[in-house]
Amino acid sequence: MKRLLIVIFFFIDGVFADKLDIEQVSDAVVNVAAKVKPPLSDILNAEKKPDFIANGSGVIIDAKEGYIVTNAHVIQDPELIIVTLNNGKRLKAKEIGKDTMTDLALIQVDDKHLTSMPLAKSRPQVGQSVVAVGNPFGLDHTITSGIISGLNRQLGQLYNLIQTDAPINPGNSGGALVNRHGELLGICTAITTVTGGSIGLGFVIPIDTVQPIIEQLKKHGDVKRGTFGVVVQEISPALHNILKLDKNQKGVLVAEVLPGSAAMKHGLLVEDVITNINGYDTCNPNELKAAVSGIRVEDDIKLSILRKNKPLEITAKLVNMTETDGTSTPFSGADLIEFNELNANGKIQSGLLITDVKEGSNAFLIGLQKGDLVKAINRDPISTLKSLKAKLEKDASNILITVERNEQNLYLGSF
């Protein structure tokens with residue numbers, strides 16, 4: 001059967017922009033179905049229960065190697081991953097690695113006739129026309145269009161998200177947000193909804209965040225983060241004038257440098273303006289957080305800064321965020337991020353969210369788990385990595401840790 005070629009035109013500035021070949025774009029987007037491992041309670045239960053299949057989307061980013069990007073929540077603890085191409089061909093995929101903090105995963109298939117999607121060369125702009133391609137509600141290769149509604153959005157632990165009104169629904173997770181040139185702007189990850197479907201509030205992980213995470217997964221199979229040790233803030237118009245920055249100069253202001261941190265050891269100062277990290281411009285704190293989160297612990301971090309309007313370059317190494325001057329602590333082996341958001345009851349929930357725990361580590365041995373929210377140390381509330389570091393420096397061998405797990409408080413001790 002002859003396949004239908006759909007062409008969409010975007011009307012920009014009074015003239016038609018370049019046509020977008022939807023067939024070629026669709027060939028780079030796949031359906032991802034994962035048979036999820038049953039919980040232990042189901043295994044012990046003799047009663048046979050239906051297999052749980054998670055369905056989502058994925059984007060082929062490397063046709064030669066068979067690499068496909070999807071969301072981590074699409075393939076959580078899979079026994080089997082099946083990828084279905086646009087032509088209906090089904091392939092078995094293997095998991096290369098995933099990162100729950102950014103909700104990104106990398107899988108791989110073996111096929112010689114894949115089509116990859118090129119990555120966007122320009123940064124997304126508010127008002128830019130876009131197309132979302134995915135498999136909402138199991139409807140293969142659905143195309144929706146809209147615009148970029150906002151940038152630098154934060155949703156839970158996800159930073160620097162693109163907001164779009166292109167309809168995104170369950171099943172679009174891991175799918176593509178595409179510009180008018182057929183280039184990948186980002187990976188669809190979440191929606192805000194009151195109905196279960198799209199209400200025009202979709203969120204997308206930008207390609208600038210995706211690339212460094214995927215490179216870590218390719219090379220190591222996991223993502224290990226470190227900390228640089230700065231507190232930054234957005235530069236307001238008033239601060240822009242006070243600092244005598246050029247009219248179009250962008251960046252974030254260093255408000256605090258943490259004692260003993262990599263930033264302090266390498267000479268970063270309060271009132272420095274960070275303009276770029278490892279080649280990525282940092283125009284606001286969310287962009288900086290996203291850039292740092294993609295750099296592996298012990299890897300070099302290269303910063304471009306302005307100090308009293310004079311450009312400087314600083315190269316440092318990120319350090320493990322749960323180590324204190326190389327000393328083992330009860331949190332060694334755990335990855336933590338600062339967490340502060342409204343819960344379902346409308347109350348602010350804050351603490352340190354554990355995004356990963358290495359098996360056999362100190363954190364593992366005392367009972368900490370991924371998803372725990374650390375709320376207090378020795379009954380003192382704790383909500384920042386700085387305060388955790390201070391507590392551990394004072395006494396790391398005799399502490400009571402309060403965590404919230406499954407909406408209940410749990411107390412863990414280290415003696």
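Residues: numbered from 1 along the sequence shown.
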N160 and K289: side chain to side chain contact (heavy atoms under 4.5 Å, CB included), yes or no, with the steps? CA-CA 8 Å; N160 199 34; K289 291 176 184 178; over 6 Å; no
Under the side chain to side chain contact (heavy atoms under 4.5 Å, CB included) rule, what do L217 and V223 come out as? Steps first, then yes or no, please. CA-CA 7 Å; L217 294 178; V223 175; 3.9 Å; yes
What's the verdict on side chain to side chain contact (heavy atoms under 4.5 Å, CB included) for Q233 and L239, showing C-alpha distance, side-chain angles and the deciding distance? CA-CA 11 Å; Q233 68 180 64; L239 281 174; 3.3 Å; yes
Just do the salt bridge (Lys or Arg N to Asp or Glu O under 4.0 Å) check on R296 and D222 with the steps written out, would you? CA-CA 10 Å; R296 194 172 181 86; D222 62 8; 2.9 Å; yes
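Judged by distance alone, with hydrogens and angles left aside, the side-chain atoms of N179 form a donor-acceptor pair with the main-chain N or O of H181 at under 3.5 Å. Panel note: side chain H220, backbone Q216; no donor-acceptor pair is recorded below 3.5 Å. D372 places no side-chain N or O within 3.5 Å of a backbone atom of V374 that could act as its donor or acceptor partner. In this structure, the side chain of H240 engages the main chain of Q249 through a donor-acceptor pair within 3.5 Å. Although no hydrogens or angles enter the test, the distance criterion places a donor-acceptor pair under 3.5 Å between the side chain of N286 and the main chain of N152. Judged by distance alone, the side chain of T70 and the main-chain N or O of G174 form no donor-acceptor pair under 3.5 Å. D246 contributes no side-chain N or O that, together with a main-chain N or O of N248, makes up a donor-acceptor pair within less than 3.5 Å. Distance alone, capped at 3.5 Å, places no donor-acceptor pair between the N55 side chain and the A33 backbone. Proximity of a side-chain donor or acceptor of T282 to a complementary backbone N or O of I274 within less than 3.5 Å is detected.
The local environment of NZ in K317 is crowded, with over 12 non-hydrogen atoms from other residues, nucleotides or ligands closer than 6.0 Å.
Under 4.0 Å is where a charged nitrogen must lie from a carboxylate oxygen, and between E287 and K250 no such pair does.
Here the side chains of I60 and S116 are in contact, with some heavy-atom distance below 4.5 Å. Between E313 and S304, the closest side-chain pair of non-hydrogen atoms falls below 4.5 Å.
Here the shortest heavy-atom pairing between I75 and A105 reads CD1-CB, 3.6 Å. Here the closest non-hydrogen pair linking V178 and L185 is C-CD1, 4.1 Å. Heavy-atom minimum distance, D103 versus I205: O-CD1, 4.1 Å.
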